[in-house]
Structure formats: structure tokens, C-alpha cells
Protein chains: 2
Amino acid sequence: MPTSVRERVRAELTAEITAAARRQLAEVGAAGLSLRAVARELGMASSAVYRYFPSRDSLLTRLITDGYDALGAAAEDADDPAAPPRERWLAVCRAVRSWARAHPHEYALLYGSPVPGYAAPRDTVPAAARVGVVLGRVLGDAARSGTLPATAGDHRDPELVSDETAAVLGGEHPALDDAVRLRALLAWSALYGTISFELFGHLVGSVADTDRWFEVAMGELVGLVGL
Amino acid sequence: MPTSVRERVRAELTAEITAAARRQLAEVGAAGLSLRAVARELGMASSAVYRYFPSRDSLLTRLITDGYDALGAAAEDADDPAAPPRERWLAVCRAVRSWARAHPHEYALLYGSPVPGYAAPRDTVPAAARVGVVLGRVLGDAARSGTLPATAGDHRDPELVSDETAAVLGGEHPALDDAVRLRALLAWSALYGTISFELFGHLVGSVADTDRWFEVAMGELVGLVGL
DNA sequence: CACCGTCAAGAGCAGTGCTCTCGGTTGCGT
DNA sequence: ACGCAACCGAGAGCACTGCTCTTGACGGTG
């Protein structure tokens with residue numbers, strides 16, 4: 001392939017750029033990410049980078065989708081379909097936290113305040129849903145195996161809300177109770193809140209042993225969803 | 001007071017600067033906040049602003065503390081000590097969400113990803129704790145009035161974790177069960193996660209009626225803390 | 001071999017945070 | 001009551017940013 005040698009070196013250089021950008025992201029954060037700095041690190045002119053990424057935002061978008069992919073992969077790897085559902089759920093939650101702690105700036109890029117003037121394109125949506133899909137699969141398997149107890153109709157109006165959540169959590173598992181989906185989405189929000197609080201330093205004076213705190217919190221949440 | 005006329009105009013100009021900064025914050029976000037732009041809006045040279053705020057970060061710090069104060073005041077105003085504890089708790093949660101929706105950029109500044117290279121000084125800590133104090137007071141009153149049921153010792157090791165959380169949630173109410181404090185902190189994290197998910201657009205495809213979603217979610221959480 | 005697309009480089013524009021210097025004013029202590 | 005000192009605003013300037021445009025060179029293709 002004559003043309004592909006060109007494409008090969010282009011793909012390699014693109015990878016080098018994203019790698020350098022990720023490195024710089026870990027140092028100065030998302031808002032401080034400088035296209036010129038990554039060019040400097042790679043020893044080329046800043047204008048040359050624009051041959052590969054038409055704008056700084058597009059580079060950021062790439063980092064975001066890559067981040068979602070990495071987080072989703074971590075969640076999928078942590079899910080052992082042979083384990084009991086409760087352990088599966090907890091393992092996924094722990095994997096998400098571990099990934100967040102290992103890549104705090106990337107996590108902040110994904111779930112922190114949106115970059116002003118930057119709107120995440122639609123490309124990011126499927127990648128972002130991967131973690132939710134994993135959690136939904138755990139719930140669906142639990143429901144099929146009967147591990148998930150049928151929730152009493154104690155909720156006031158589940159059907160009116162859960163219809164929209166079905167697309168994300170357990171969408172392919174109609175066996176899932178509406179109330180369960182709802183609580184699962186709440187648990188996902190709570191997981192996000194717990195991790196963000198820890199990472200963004202909002203419980204520095206409140207909790208000393210964050211590892212144990214996370215375990216206890218997840219124990220409460222997994223009970224909330226019914227596992 | 002001869003000296004205070006100078007101090008007065010200084011205080012007024014400082015207030016004008018912060019007001020203009022808050023206005024700009026609502027438009028372009030925290031990272032896009034430009035010291036030159038606020039100077040332009042006020043019709044003065046950019047260098048003059050440095051007489052009042054030694055750096056852009058110090059201006060940001062002021063906006064942060066002001067934001068925590070406003071949020072804390074909103075939470076305190078929403079708390080009616082005469083109402084039943086469950087309603088008090090829900091009212092505070094609703095007030096926090098309302099304030100966040102009314103001031104999304106300020107909320108993002110407070111609870112979003114930390115600005116890179118900027119470390120929140122210690123001044124922000126007491127202001128940040130006001131909402132937690134309100135929630136703690138509700139729990140403490142509930143415990144004293146007997147509305148808060150004594151939680152069974154079903155938790156594995158509450159005393160090891162809750163000791164550190166006491167400083168924030170219900171610190172002045174030793175009657176509070178350790179497990180309750182723990183769940184309160186978890187509920188506060190979940191509240192934060194729920195609001196952030198909504199504000200940061202992480203459930204655009206999942207939940208359509210965010211108002212009802214929030215009500216249902218808070219209904220679950222208030223049950224979690226035992227109210 | 002000639003050609004033409006692709007690429008890196010550099011200059012340049014508008015904007016940023018921040019520093020410094022320059023006058024002018026204001027207020028306090030002597 | 002006067003002079004000194006602190007304060008204040010304006011402007012120029014530095015180093016940096018994202019981004020655009022033009023220039024020139026290299027290399028795969030017909």
C-alpha cells in the first residue's frame with residue numbers, strides 16, 4: 001500500500017500528539033491544556049499540530065472520548081459475569097473509583113464542570129454510556145437469575161419517570177422493574193457524587209479514611225438498588 | 001470618619017468589580033473569566049483592578065466564598081424549624097437545587113472540577129460547610145424529638161468512619177447516631193451528584209422530567225437517612 | 001520525470017495575566 | 001496648616017495563548 005505508509009506515519013504522529021496532550025493534561029489540567037505546549041514537547045511547530053487536529057477543542061474532544069473509553073473498559077474488565085450480582089456491582093463501582101483516582105484530571109474532564117464555550121459533540125454520548133451499560137447488565141442478569149427481589153410497589157409513580165431512564169440503564173432488559181432502574185440511576189449519581197467529592201477535595205475535613213468511607217458508602221448504595 | 005470616605009469608595013468599587021465579575025462569570029464561565037474584560041466593563045484600566053485584587057485567582061476566591069455564602073443562606077432560609085424533619089430536609093435539598101439551577105456557573109465554580117493551578121485557600125472552608133451545618137441541624141433536631149428512629153446496629157463498623165464526619169454533619173449533636181451521620185454524608189454526596197448530573201448534562205438522554213426525577217431521587221435519599 | 005497533494009515552518013492577529021512606571025489625588029501626622 | 005506618604009488610575013510592555021495565512025519543501029503517483 002503506497003498511500004498507507006503516509007497514513008501510518010500520520011496515525012502514529014496523531015497518537016503521539018494525544019499522548020503528549022494527555023501527559024500535559026495530567027500536569028496542568030483541562031483548562032490549561034496548551035496546543036503550543038504539546039507542539040513544543042513534540043519538537044514541532046504549533047501550526048503543524050493543526051494538520052492533525054483542526055482546533056484545540058477537537059483535541060479536547062478526542063481526550064474526552066478516549067477517557068470515556070478507558071473508563072468504560074475498566075468497568076467492563078472489572079465485571080466478572082460468574083460472580084454474584086452484588087459483588088459484580090461493587091466490583092464495577094470500585095473499578096470506576098480506581099480509574100478516577102488514577103486519572104484525576106481525565107475524570108475531572110469527563111465529569112467535572114463543562115469547559116465554557118465548549119459543547120461536547122454527539123460522538124461522546126455512546127462512549128459515555130458504557131459504564132451505565134455495564135451496571136445495567138449486572139442488574140439485568142440479577143433480575144433474570146432471580147437474585148434481584150421484586151420491589152414492592154411502594155413507590156408513588158415509578159412508571160412516569162423510569163421510561164426515559166430505560167435507554168441508559170438496563171435498556172435491553174425489559175425484565176427490570178421500573179423502580180429498580182430508577183434506583184440504579186440514583187445509585188450511579190450517588191457513586192459519581194461520592195467519587196467527585198473525594199477527588200475534588202470536598203470531604204478533606206470530614207473523612208480521613210477515604211478507602212473505608214467508599215466501601216461503606218457503596219455498601220449502602222448497593223442495598224438501595226436491591227442487590 | 002475621615003479615613004472611611006476612602007475606604008468607602010474602595011469598598012464600593014470592590015463590590016462593583018465582584019458584581020461585574022459575577023456577571024461575566026454567568027456568561028463565559030469560570031475559566032473564561034477575564035480580568036481585562038471586567039475592567040473594560042467598568043471603564044477602567046486593567047491594571048487598576050490589581051489595586052483591589054492582587055491576582056485573578058484572588059478574584060476567583062472571592063467569587064467562591066460569596067457563592068458558598070449565597071448557597072448557605074439559601075439553605076438556611078429554606079429551613080423552617082417548625083416543620084417536620086422530613087419536610088425540612090427535603091426543603092433544604094430543593095433549595096440547594098434551585099440555587100444551583102439559578103446560578104449554574106457559580107455552582108460549577110463551587111462544586112465542579114477545581115481550577116488547575118488554583119488551590120482553594122482555607123477561607124473557603126467555613127463558608128462551604130454552611131449547607132452541611134443546616135442538614136446536620138435538621139438531623140439533630142429530629143434525633144432530639146425522637147422523629148429519627150434509632151438505627152439498628154446493622155452496620156459493620158460505623159464508629160471507625162463516622163468519627164471524622166462529625167465535624168461537618170451534626171457535630172454539635174452528640175445524640176446523633178454514628179450510622180445516621182454517615183448516611184447523611186452519603187445523602188449529601190448523592191444530592192451533589194444528582195444536581196451535578198442534571199446541571200452538567202449527564203442525564204440528557206436518560207431523564208426528561210428533571211423536576212420529577214429530583215423529587216423521586218430525594219424521596220429515596222430521605223428514606224436512606226432515616227427521615 | 002514531472003506533477004500535485006501534503007506537510008512543517010514562520011509571521012502575524014487579537015487576546016490574556018501580570019509588572020512596572022508615571023503622574024495625580026487624598027488623607028494623616030507633625 | 002503643611003508636607004510627606006500612601007494610595008490610585010492610566011498606560012506601556014512582557015510573555016503567553018489559540019488560531020489564520022502564506023511560503024517553501026518533501027514525497028508518492030501517473
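Fair warning: this is a prediction, and the values are worked out from it, not measured in the lab. In what follows, chains are A, B, ... by sequence order, proteins preceding strands, each numbered from 1.
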Distance-only side-chain donor-acceptor flag, A:Tyr107 / A:Ser196, under 3.5 Å: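 Their side chains do contain a donor-acceptor pair, which is all the 3.5 Å distance test asks for.
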
A:Thr124 versus A:Thr65, side-chain donor and acceptor atoms under 3.5 Å: no

Test item: B:His105 side-chain N/O and B:Ala26 main-chain N/O as donor-acceptor pair under 3.5 Å: yes

Donor-acceptor contact below 3.5 Å, side chain A:Arg56 vs main chain A:Leu33: yes

Salt bridge (charged side-chain N to carboxylate O under 4.0 Å, His left out) assessment of A:Glu27 paired with A:Arg23: CA-CA 7 Å; A:Glu27 291 177 0; A:Arg23 224 172 304 139; over 6 Å; no

Qualifying residues under salt bridge (charged side-chain N to carboxylate O under 4.0 Å, His left out), relative to B:Arg94, sequence neighbours excluded: B:Glu215

Nucleic acid footprint by protein, nucleotides 12-22 of chain C - heavy-atom cut-off 4.0 Å, B for base, S for sugar-phosphate alone: B---BBBBBB-

Touch class at under 4.0 angstrom, heavy-atom based, for A:Leu42 against every strand present: nothing

Close side-chain approach of A:Trp213 to B:Leu185, heavy-atom, < 4.5 Å: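 Yes, at least one pair of side-chain atoms sits under 4.5 Å.
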
Heavy-atom side-chain contact between A:Glu106 and A:Leu63 under 4.5 Å: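 Not in contact.
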
[X] [atom1] to [N] [atom2], straight-line distance once rounded to whole Å:
X       : N      : atom1 : atom2 : result
A:Leu59 : D:dG18 : CG    : P     : 10 Å
A:Met44 : C:dC7  : CE    : P     : 11 Å
A:Phe53 : D:dT20 : CZ    : P     : 16 Å

OP1 or OP2 of C:dA8 under 4.0 Å from side-chain N/O of A:Tyr52: yes

Nucleic acid contacts of residues 14-22 of chain A, taken as heavy-atom distances under 4.0 Å to DNA chain C: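 When residues 14-22 of chain A is checked for heavy atoms under 4.0 Å from DNA chain C, there are no hits whatsoever.
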
